[in-house]
Amino acid sequence: MIVYVRGNAGENGIASLGDYINGLGGSFHRAYLFEKTFFVVSGIDMEQTCEHPAIEKIFRPGTPYQLAHRELNPEGTAVAVGGAVIGDGCVSVIAGPCSVENKQQLSEIAGFVKSAGAEVLRGGAYKLRTSPYTFQGLGEEGLKILKEVSEENNIPVVTEFTDTRDADLLFQYADIIQIGTRNSLNFPLLQLAGEMGKPVLLKRGQSSTVEEFLMASEHILSRGNSQVILCERGIRTFEDATRNTLDISAIPILKRATHLPVIADPSHAAGDSYLVPALALAAIAAGADGIMVEVHSAPQAALSDSGQALSFSQFSDMMENINKITGAFGKAAHAPLRGAER
Ligand code: PEP
Ligand code: MN
């Protein structure tokens, strides 16, 4: 249950409301979102007893997720960062390599994807790999390269936050903090990401239900950060023809359930580059606010996820096709999505 606190309640009114709820035998979590104070109340039903002067209104979501509920911001939350906007009704494209490998590699890819219409550059510096013997990422050096390339190309960057001990570094170098599928149930990491004051791109856990996915976002929102982008990246199913199964249904389900923007990552869902454009188009047709894809200047030589990286020409072709379909779904692209020089 969510209590909307009156804007003029003041700290005294808020404290008094807290005492009032505790006095009724309930507990509450205070969160400040959309320039408003909310109390997420548990343990009591305040239906009969909402007389306190600090209460503006009471909302019962009827779902375990509360602050993520669409009703909290019915027109939808847009995430704005470094000139990019995700969730404003347009289709946004986030693109880049799986891993930052070196400055030259990232510069080349950044220049290309930006010229073809990508709004955000992706690239992992800390890679959580299934095998401890494969490339684990450049770490801090990778973050520095990301920042340099971001500034040189005037494009914001998203990179994965894998360990609470790296919070200061991520804060310093990243524009958007990514929480990967493997950490989508790492609640201390989610909460810290919520406290960093930067937008968060949250991947769906590979075995999470839609509700568990939304509850993961709730850990970020409960820390007062409404700038969360949800990313459907495929789930584990019995099907082994693809790396994961892109859950297309989750996109309209999430769009209805929550105010947060929803994007899809067809690269990690597919695991094979030839499938990526088709899944990207399907996700946009299903209502996604954008896509995140892996692109590499020399896909076969990529140090991680080489099989799913789009070549420059595959990326250009996909962007042309995205451009063709966005209008048909009442959407637009921020920048013209076009095939750049190949
Ligand atoms: C990634 O986007 O770099 C990544 C590792 O994705 P996921 O967490 O979805 O596997
Ligand atoms: Mn990858």
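Atoms within a ligand are numbered from 1 in the order they appear, just like the ligands themselves. If you read the sequence from its start, that first residue is 1, and numbering goes on from there. The model shown is predicted, which means the values in this text are computed figures rather than measured ones.
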Classify the side-chain pair [X]/[Y] by whether it contains a donor and acceptor separated by less than 3.5 Å.
X: Ser92; Y: Glu119; value: yes
X: Glu320; Y: Asn323; value: no
X: His69; Y: Thr63; value: no

What protein heavy atom lies closest to [atom]? Include the residue and the distance to one decimal.
atom: atom 8 (O) of ligand 1; answer: Thr181 N, 2.8 Å
atom: atom 4 (C) of ligand 1; answer: His268 NE2, 3.5 Å
atom: atom 7 (P) of ligand 1; answer: Lys203 NZ, 3.4 Å
atom: atom 3 (O) of ligand 1; answer: Arg122 NH2, 2.8 Å

Verify same cluster id: Phe315, Ile322 (apolar side-chain graph, 4.5 Å): yes
Verify same cluster id: Leu275, Phe312 (apolar side-chain graph, 4.5 Å):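 Each belongs to a different hydrophobic cluster.
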Heavy-atom side-chain proximity of Leu106 to Leu121 below 4.5 angstrom: yes
Of all the atoms in ligand 1, which lie at a distance below 4.0 Å from a heavy atom belonging to [X]?
X: Lys127; answer: 3 (O)
X: Arg182; answer: 8 (O), 10 (O)
X: Gly180; answer: 8 (O)
X: Glu160; answer: 5 (C)

NZ or CZ of Lys36 within 45° of Tyr4 ring axis and under 6.0 Å: no
Among Thr181, Asn183, Asp265, side chain to side chain donor-acceptor pair (under 3.5 Å) partner for Lys203: Asp265
Leu281 CG to Phe329 CZ distance, which is reported to the nearest 0.5 Å: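 CZ of Phe329 is found 9.0 Å from CG of Leu281.
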Sole residue of Leu201, Leu128, Leu170 in side-chain contact (heavy atoms from CB on, under 4.5 Å) with Glu160: Leu128
Selected option - heavy-atom contact closest to atom 10 (O) of ligand 1, from Arg233, Met292, Arg243: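 Checking each option, the heavy atom nearest atom 10 (O) of ligand 1 is found in Arg233.
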Min heavy-atom dist Arg204 to ligand 1 below 4.0 Å: no
Total protein N, O or S atoms, the Mn ion (ligand 2), separation less than 2.8 Å: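 Counting protein N, O and S atoms closer than 2.8 Å to the Mn ion (ligand 2) gives 4.
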NZ/NE/NH1/NH2 to OD/OE distance under 4.0 Å, Arg204 and Glu232: yes
